[in-house]
J.: 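Sending over a structure as structure tokens; questions will come in a sec.
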Amino acid sequence: MGEHLWKVARTLHPEDEVAARTWVEPHLPKLKADESCDVITEHEQLRPRLEGEAGEHLARQINYLKTNQTRLDYGPAKARGAPLGSGAMESS
């Protein structure tokens, strides 16, 4: 999931890695705290401010977040002892 947040951050701040990191960092703990709804809402609030390709890219990321929302909230998976993140799946 983090990679999708980074895509948005780099869309918002294509020339400024520090600003991109500053944008991403508060969102990651929200996902770990099962607050994906807040992350989606914040993305949706950005959408009207972006035009063209950047706006389209953000819309795709919002769609991804909404489609995968049940997988984004880590609490239930953590309670089951399931691996968090994509590393386990990618290594298999």
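The analysis underlying the following values was restricted to heavy atoms, covering all of them including side chains, and did not include hydrogens, waters or symmetry mates. All residue numbers refer to positions in the sequence shown, counting from 1.
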J.: For residues 44-55, please give each side-chain donor-acceptor pair under 3.5 Å, one per line with the distance, not counting sequence neighbours.
T.:
{"residue": "E44", "atom": "OE2", "partner": "K66", "partner atom": "NZ", "Å": "2.6"}
{"residue": "R47", "atom": "NE", "partner": "G55", "partner atom": "O", "Å": "3.2"}
{"residue": "R47", "atom": "NH1", "partner": "L50", "partner atom": "O", "Å": "3.2"}

J.: Kindly compute the distance separating CD1 (I62) from CD1 (I40), expressed to the nearest 0.5 Å.
T.: 9.0 Å
J.: By salt bridge (charged side-chain N to carboxylate O under 4.0 Å, His left out), which residues pair with E17, not counting sequence neighbours?
T.: R10
J.: Determine yes or no for a side-chain-to-main-chain donor-acceptor pair under 3.5 angstrom, with N68 supplying the side chain and Y64 the backbone.
T.: yes
J.: Identify the two heavy atoms, one from A20 and one from A9, that lie closest to each other, and give their separation to 0.1 Å.
T.: O-CB, 3.5 Å
J.: Run L28 and L5 through side chain to side chain contact (heavy atoms under 4.5 Å, CB included) and show every step you take.
T.: CA-CA 8 Å; L28 294 173; L5 292 178; 3.5 Å; yes
J.: With a 4.5 Å limit on heavy-atom distance, are the side chains of P29 and E35 in contact?
T.: no
J.: Please list, chain by chain and in numerical order, all residues satisfying side-chain contact (heavy atoms from CB on, under 4.5 Å) with E42, sequence neighbours excluded.
T.: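 Checked E42 against side-chain contact (heavy atoms from CB on, under 4.5 Å); matches are H27, K30, D38.
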J.: Starting at OG1 of T11, measure out to CZ of R60 and round the result to the nearest 0.5 Å.
T.: 8.5 Å
J.: Ring centroids only, cut at 6.0 angstrom: are W23 and H43 within range, meaning strictly under it?
T.: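 Aromatic pair counts; centres sit under 6.0 Å.
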J.: First locate atom OG1 of T22, then atom CG of L12, and finally report the distance between them rounded to the nearest 0.5 Å.
T.: 12.0 Å
